[in-house]
Amino acid sequence: MEFTAKQIAEFIGGRVEGNEQAKVHTFAKIEEGKEGAITFLSNPKYTHFIYETKASIVLVNDDLELEKSVNTTLIRVPNAYECVAKLMQMYAASLPKKTGIDPLAFISKTAEIGKDVYIGPFSYVGDGVKIGDGSLIYPHVTIYDGCQIGKNVTIHAGSVIGADGFGFAPNQDGYDKIPQLGIVIIEDNVEIGANTCVDRSTMGQTIIHKGVKLDNLIQVAHNCEIGENTVMSAQVGMAGSTKIGAWCMVGGQAGFSGHITIADKTNVGAQSGVISNTKGNGEQLIGAPAINPKVFFKARALDAKLPEMYRQIAQLQREIDELKKIVEVER
C-alpha cells in the first residue's frame, strides 16, 4: 500500500515542502532511510542525517531550521514524534489481527476467554482465569489460577502473571513460606513486555490499572499497585506493597523499596533507588537514594574534584601538625 506526501500531510495536518507526489510504502530510521520509506526527525542529535538520508519523506517539527538544502520531501508538523506514531498505529491497524487459541496452548476448562482473543503456543492459562475481549497473549506466557486480564491487553512472550509473591517468615531452622492467596488484576489496554513478572498478592490483589505500559524484564512484587497510564522501562524492580500513582514515568533499572507510595506524575530517572514516599505530583527524582535532579547533578559535579580536595585536606592536615609542633616547642 502506497501513500503520497500530500495524502499523509492531509491525514496528520502537516505542510509539505518538496514533492507532494513523493510516494512511500514503509518506515525506516532516518540514518537507514531508503527510497520509498518515510522517517522522522525529532531529536536534534540526528539532525545531520536529514542532509544525507535516502528516505522519500521525512516528518520534521515546524520549528526546524535547515542549514542547507535537502534531497528529500519534508512534512512539517507540530510534533514529528507524535505524528509518526499516529501513522504507525494506522498502518498496524490495517494488518490482519491474530485471533484464536493455538492448539499447543493449554487453557483450563474453567478459564473464561473473551471474544477475538489470541493465545499463542505453549502458553498456560490456569483455573478460573478471565481474559477480556481483544487481548493478545503471546507464546510461553503463563497466567496462574484466578488472575483477571482485562480487554485489549497485550502480554508478550515469556511473561508470568500470578506467580507467588516472595513471602517467607524466618524460623529456627530456616524459613516458613507464607501462602500467597491473592490474585493479579490487569485492567484494560495494558501492555506487558517479554519476560516480565507480576506476582500474586499475599491477600487481596496486585493491580495494574488501565493504560499501563510495562517494558521487558520488569518485576512487580506482591500487593503492588500501578496507577493508570504509568509507563516503565526495562528492568524496573518493585518490592512488595509499593503503590505507584497515575501518569508516572520510570526509567530503566529503577528500584522501589517496599511499602512506599509514589504520587501521580512522578518522573523517576534510570537506575534510581526510591526508598521513601514522594512529596507530590510532578516530582522529579534521580540517583540512589533518589533525590531532586538539581541536587544530584551538583553533587556529581563535585566527584571529579574529590581527589584534589583530598590532597588539599591532607596538605592542610600536615601544616596543622607542623604548627602544633612549633607551638609545643615555644611553650
Side-chain angles (χ1 to χ4, degrees), residues 43-48 165-178 196-197 199 202 214-227 230-331:
N43 189 331
K45 292 181 180 180
Y46 292 86
T47 299
H48 62 282
F166 193 66
F168 297 90
N171 60 39
Q172 293 181 346
D173 301 318
Y175 298 90
D176 290 325
K177 181 176 176 63
I178 300 173
T196 284
C197 296
D199 291 347
T202 307
L214 303 182
D215 200 355
N216 304 330
L217 297 165
I218 287 176
Q219 162 65 14
V220 180
H222 58 192
N223 294 93
C224 285
E225 183 173 353
I226 302 177
T230 283
V231 294
M232 293 184 179
S233 296
Q235 299 182 3
V236 169
M238 298 172 59
S241 298
T242 297
K243 298 190 184 303
I244 295 182
W247 292 101
C248 294
M249 299 182 70
V250 182
Q253 296 186 334
F256 297 84
S257 63
H259 302 276
I260 60 174
T261 299
I262 309 302
D264 295 347
K265 298 181 180 178
T266 300
N267 287 352
V268 180
Q271 295 191 326
S272 296
V274 186
I275 61 174
S276 59
N277 297 342
T278 61
K279 296 177 181 179
N281 290 0
E283 190 173 2
Q284 310 282 319
L285 297 171
I286 193 170
I291 56 176
N292 180 278
K294 290 183 179 179
V295 177
F296 174 84
F297 288 116
K298 284 181 180 179
R300 296 292 73 78
L302 294 174
D303 288 347
K305 300 178 181 180
L306 289 177
E308 179 61 27
M309 292 171 64
Y310 175 79
R311 285 192 292 270
Q312 291 174 348
I313 291 170
Q315 178 62 32
L316 289 171
Q317 185 62 56
R318 286 192 293 269
E319 293 175 2
I320 290 170
D321 292 341
E322 289 297 325
L323 288 171
K324 285 181 178 179
K325 289 178 183 179
I326 293 171
V327 171
E328 289 174 359
V329 169
E330 291 179 349
R331 286 180 181 174

* Asked: How far apart are the closest heavy atoms of Ala221 and Gly240, and which atoms are they?
  -> CB-N, 3.5 Å
* To do: Give a yes-or-no answer on whether the side chains of Asp215 and Gln235 include a donor-acceptor pair shorter than 3.5 Å.
  => no
* Option among Asn277, Thr278, Ile244 that satisfies the side chain to side chain contact (heavy atoms under 4.5 Å, CB included) test with Thr261 -> Asn277
* For residues Ala290 and Ser272, report the shortest heavy-atom separation together with the two atoms involved. => CB-CB, 4.2 Å
* Consider only side-chain N and O atoms of Asp176 and Asn171, and report whether a donor and an acceptor are under 3.5 Å apart. => yes
* Test: Asp303 and Arg300 ion pair at under 4.0 Å -> yes
* Would you mind reporting whether Glu283 and Asn292 have side-chain heavy atoms less than 4.5 Å apart? => no
* Count the heavy atoms belonging to other residues, nucleotides or ligands that lie under 6.0 Å from CZ of Phe168, then report whether that count exceeds 12. => yes
* Are any of the side-chain heavy atoms of Val268 and Phe256 separated by less than 4.5 Å? -> yes
* Asked: Quick one: does Gln312's side chain get under 4.5 Å of Gln315's, heavy atoms only?
  -> no
* Test: Lys305 and Glu308 ion pair at under 4.0 Å -> no
* Structure fact -> In short, Ile286 meets Pro293 closest at the heavy-atom pair CG2-CA, 3.6 Å
* Asked: Could you give the distance from OG (Ser241) to NE2 (His222), rounded to the nearest 0.5 Å?
  -> 5.5 Å
* To the nearest 0.5 Å, how far apart are CG in Leu214 and CE in Met232? -> 6.0 Å
* **Distance in Å, Glu319 CD paired with Lys324 NZ, rounded so as to fall on 0.5 Å steps** => 13.5 Å
* Quick check: are there more than 12 heavy atoms from other residues, nucleotides or ligands sitting under 6.0 Å from NZ of Lys243? -> yes
* Asked: Okay, side chain of Asp264, backbone of Ala246: is any donor-acceptor separation there less than 3.5 Å?
  -> yes
* To the nearest 0.5 Å, what is the distance between CH2 (Trp247) and CG (Asn267)? -> 12.5 Å
* Would you check if Val220 and Ile226 make a side-chain contact, meaning some heavy-atom pair closer than 4.5 Å? => yes
* **Nearest-0.5 Å distance, CG of residue Leu285 to NZ of residue Lys279** => 9.0 Å
* Taking atom NZ of Lys177 as the centre, does the number of heavy atoms from other residues, nucleotides or ligands within less than 6.0 Å exceed 12? -> yes
* Structure fact -> Between Ser276 and Ser257 the two heavy atoms that sit nearest each other are N-OG, 4.5 Å
* Kindly compute the distance separating CE (Met309) from CG (Leu316), expressed to the nearest 0.5 Å. => 11.0 Å
* Do you know which two heavy atoms are closest between Thr202 and Asn223, and how far apart they sit? -> N-OD1, 3.0 Å
* Is it true that atom CZ of Phe296 has more than 12 heavy atoms of other residues, nucleotides or ligands lying nearer than 6.0 Å? -> yes
* Met238 vs Ile218, side-chain contact (heavy atoms from CB on, under 4.5 Å): CA-CA, chis, key distance, verdict -> CA-CA 8 Å; Met238 298 172 59; Ile218 287 176; 5.7 Å; no
* Asked: For Ser233 and Gly251, which heavy atoms make the closest approach, and how far apart are they?
  -> CB-C, 3.8 Å
* Structure fact -> Tested for side chain to side chain contact (heavy atoms under 4.5 Å, CB included) against Val274, the lone hit among Ile262, Val250, Thr242 is Ile262
